[in-house]
Chemist: 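Below: one structure in structure tokens.
Nothing fancy with the numbering, it's 1 onward along the sequence.
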Amino acid sequence: MTHAADTQPQGFEAVLTELESLVDTLEQGELTLEQSLAYFERGIELTRTCRKALDAAEQKVRILTNESPEPFQDHE
């Protein structure tokens, strides 16, 4: 199992893919307790990374939608 901290920063999709892979491996139930704990810990790290990326994206959307002009209104 590789850790993102050991390599270059990963994009959101790569982090999500790694998280999904960890979950699949954990669900198989073939890991030792120590391995399961390590995978779980890594999953928590990846979840936090995803949450930060989603929060940043949400903030950008809020900034963009608040700064954009209002749509044209029909003045009849």
Side-chain angles (χ1 to χ4, degrees):
M1 174 175 63
T2 61
H3 293 271
D6 299 337
T7 60
Q8 309 175 36
Q10 299 176 346
F12 178 81
E13 289 78 11
V15 173
L16 190 57
T17 298
E18 183 181 349
L19 181 58
E20 290 171 343
S21 175
L22 286 175
V23 170
D24 289 343
T25 302
L26 283 167
E27 287 178 341
Q28 291 175 8
E30 296 176 4
L31 300 174
T32 65
L33 177 60
E34 291 80 16
Q35 290 171 322
S36 294
L37 288 172
Y39 273 59
F40 180 77
E41 182 178 3
R42 179 64 180 151
I44 295 298
E45 292 171 7
L46 293 171
T47 299
R48 289 179 180 151
T49 299
C50 287
R51 171 54 45 204
K52 286 179 185 178
L54 290 172
D55 288 345
E58 181 180 15
Q59 182 64 27
K60 286 180 184 180
V61 168
R62 285 183 179 169
I63 290 170
L64 291 171
T65 56
N66 286 336
E67 291 181 356
S68 62
E70 292 293 320
F72 292 108
Q73 295 180 357
D74 191 12
H75 296 282
E76 290 183 23

Chemist: Take Leu54 and Glu58, measure what side chain to side chain contact (heavy atoms under 4.5 Å, CB included) needs, and give me the verdict at the end.
Modeler: CA-CA 6 Å; Leu54 290 172; Glu58 181 180 15; over 6 Å; no

Chemist: Hydrophobic clusters here meaning ILVMFWY residues chained together by side-chain heavy-atom distances under 4.5 Å, can you tell me if Leu19 and Leu37 are in one?
Modeler: no

Chemist: Please determine whether side chain to side chain contact (heavy atoms under 4.5 Å, CB included) holds for the pair Ile63 and Gln59, giving the CA-CA distance in whole Å, both sets of side-chain angles, and the decisive distance to 0.1 Å.
Modeler: CA-CA 6 Å; Ile63 290 170; Gln59 182 64 27; 3.8 Å; yes

Chemist: Given side chains that start at C-beta, do those of Val23 and Glu27 come closer than 4.5 Å, heavy atoms only?
Modeler: yes

Chemist: Charged N to carboxylate O below 4.0 Å: is that the case for Glu45 and Arg48?
Modeler: no

Chemist: Is it the case that over 12 heavy atoms from other parts of the model lie below 6.0 angstrom from the CZ atom of Phe12?
Modeler: yes

Chemist: Counting N and O atoms only, with roles assigned by atom type, does the side chain of Ser21 sit under 3.5 Å from a partner on the main chain of Thr17, one being a donor and the other an acceptor?
Modeler: no

Chemist: Hey, what do you get for CZ (Arg42) to CD1 (Ile44), rounding to the nearest 0.5 Å?
Modeler: 11.5 Å

Chemist: Looking at every non-hydrogen atom in both residues, tell me the closest pair between Ser36 and Leu31 and how far apart they are.
Modeler: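 Where Ser36 meets Leu31 most closely, the heavy atoms are OG-CB, 3.5 Å.
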
Chemist: For residues Val15 and Phe40: do they belong to one hydrophobic cluster (side chain heavy atoms under 4.5 Å, members Ile, Leu, Val, Met, Phe, Trp, Tyr)?
Modeler: no

Chemist: Thr49 and Lys52: side chain to side chain contact (heavy atoms under 4.5 Å, CB included), yes or no, with the steps?
Modeler: CA-CA 5 Å; Thr49 299; Lys52 286 179 185 178; 5.9 Å; no

